[in-house]
Amino acid sequence: MVDPIPDKVELSSEEKESIYVHKVYDQIAKHFSNTRYNPWPVIKKYLEDQEPGCIGADIGCGNGKYLGVRSGDMFVIGSDRSPALVEICNERGFESMTADNLNLPYRDNVFDFAISIAVIHHFSTESRRVAAIKEILRTLRKGGTALIYVWALEQDGKRKFEADHQDYLVPWVTKSSKKDSPNDEPNQKTYQR
């Protein structure tokens, strides 16, 4: 496994996000979608607990795996910064659009709920993360709820993070086919934020 590296890249926030988030997800969209298909139980339960007839948003919907959790008695629209991921959502029959999380194309106070799963940590500064959360909250009606999940440095797993550094560039590695690489070496390593 390729280790993450601390994000010490000297670029503006917008440039960093463009290179290490937007371009990466457009590049890996198909592989990402093929590896992200099971809804997390806590998020599935949150969606199942919503009232019939409610309207919700999946901000940073990726391949739309949460858009189809409960269809028929509620409406959920997805948005993502990656046109390639939005295309996958649309091919799967989900309502989704390309949108910037810092400037969502929704009216104020419109949604009964919103989810944003594994998205906010992609913003390169604390102020941009706060702005993204405020933008999600702006779209909620009075009494609406939001469920937001981000990566946790403290979580157990294969990757090791330094305790004194908050932001990382994490490699996304795809394997070559056996035909292309008999040693099963990675053929592509892309760092994402």
Side-chain angles (χ1 to χ4, degrees), residues 4 6-29 32-33 36 39-40 42-44 46-47 50 54-67 69 75-89 94-155 161 165-170 172 190-193:
D7 178 1
K8 297 178 181 174
V9 177
E10 297 293 329
L11 295 170
S12 72
S13 298
E14 294 82 2
E15 289 173 313
K16 201 177 282 193
E17 291 165 15
S18 176
I19 294 168
Y20 294 107
V21 182
H22 309 153
K23 289 180 181 175
V24 169
Y25 276 95
D26 279 340
Q27 181 181 349
I28 67 169
F32 176 88
S33 182
R36 302 297 189 274
W40 297 351
V42 68
I43 298 153
K44 183 177 180 184
Y46 174 81
L47 294 170
Q50 299 302 313
C54 66
I55 300 171
D58 184 348
I59 311 299
C61 64
N63 67 348
K65 76 176 177 181
Y66 296 110
L67 295 175
V69 166
F75 178 77
V76 184
I77 188 164
S79 61
D80 201 285
R81 180 63 177 77
S82 168
L85 286 170
V86 168
E87 183 177 329
I88 290 169
C89 288
F94 300 129
E95 293 287 333
S96 59
M97 70 179 84
T98 304
D100 182 347
N101 199 130
L102 296 173
N103 188 23
L104 294 170
Y106 308 123
R107 293 177 295 158
D108 295 352
N109 311 309
V110 69
F111 295 118
D112 298 301
F113 72 90
I115 61 173
S116 186
I117 310 304
V119 175
I120 302 299
H121 58 262
H122 290 302
F123 289 95
S124 59
T125 65
E126 182 177 340
S127 63
R128 289 172 70 80
R129 292 177 193 131
V130 169
I133 293 168
K134 286 181 179 179
E135 183 66 356
I136 292 167
L137 297 177
R138 175 192 65 76
T139 70
L140 295 175
R141 66 164 177 75
K142 185 175 180 179
T145 62
L147 180 64
I148 299 171
Y149 266 71
V150 297
W151 282 1
L153 293 177
E154 302 83 9
Q155 70 191 31
F161 299 99
H165 197 78
Q166 180 68 33
D167 294 312
Y168 280 84
L169 298 176
V170 179
W172 186 278
T190 304
Y191 282 93
Q192 65 170 325
R193 178 158 214 307

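Please read all numbers here as calculations on a predicted model, not as lab measurements.
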Mark yes or no for whether D112, through its side chain, and G144, through its backbone, hold a donor-acceptor pair below 3.5 Å. no
Looking at OH of Y66 and CG of L47, how far apart are the two atoms once the value is rounded to the nearest 0.5 Å? 8.5 Å
Backbone of A84 reached by a side-chain donor or acceptor of D26 within 3.5 Å: yes
Between CD on residue Q27 and OG on residue S82, distance to nearest 0.5 Å: 11.0 Å
Looking at residues at least two apart in the chain, or sitting in another chain, which of them share a ring pair (Phe, Tyr, Trp, His ring centres under 6.0 Å) with F111? Y106
Would a distance-only check, ignoring hydrogens and angles, find a side-chain to backbone donor-acceptor pair under 3.5 Å from E15 to S12? yes
Closest heavy-atom contact between L102 and A132? CD2-N, 3.6 Å
For L104, does its backbone N or O pair with a side-chain atom of E135 as donor and acceptor, under 3.5 Å? yes
Looking at CD of E87 and OG of S96, how far apart are the two atoms once the value is rounded to the nearest 0.5 Å? 10.0 Å
Compare every heavy atom of R128 with every heavy atom of E17, then report the nearest pair and how far apart it is. OE1-NH2, 2.6 Å
Over all heavy atoms of both residues, which pair between D80 and C61 is shortest? Give the atoms and the distance, please. OD2-N, 3.3 Å
Assess the residue pair I88 and L85 against the criterion (side chain to side chain contact (heavy atoms under 4.5 Å, CB included)); give the C-alpha distance rounded to whole Å, side-chain angles, the decisive distance to 0.1 Å, and a yes or no. CA-CA 5 Å; I88 290 169; L85 286 170; 4.3 Å; yes
Taking ring pair (Phe, Tyr, Trp, His ring centres under 6.0 Å) as the test, write out the residues that go with F94, two or more places apart. none
Determine whether a donor-acceptor pair (N or O, by modelled atom type, separation under 3.5 Å) exists between the side chain of R81 and the backbone of D100. no
Look up atom CD1 in I43 and atom CD1 in I117, then write down how far apart they are to the nearest 0.5 Å. 3.5 Å
Quick one: which of V76, L147, D58 gives a side-chain contact (heavy atoms from CB on, under 4.5 Å) with F113? V76
Of all the heavy-atom pairs spanning L137 and A146, show the shortest one and how long it is. CD2-CB, 4.3 Å
In the structure I gave you, are the side-chain heavy atoms of Y149 and I115 within less than 4.5 Å of one another anywhere? no
Closest approach of A99 and S79, non-hydrogen atoms and distance? CB-CB, 3.8 Å
Using 0.5 Å steps for rounding, measure from the CD1 atom of I55 to the CD atom of Q50. 12.0 Å
Do any N or O atoms from the side chain of S116 and from the backbone of I59 form a donor-acceptor pair under 3.5 angstrom? yes
I148 vs I120 side-chain heavy atoms within contact, under 4.5 Å: yes
Considering all heavy atoms, the nearest P39-V69 contact: CG-CG2, 3.9 Å
Side-chain heavy-atom pair I77, M97 within 4.5 angstrom cut-off: yes
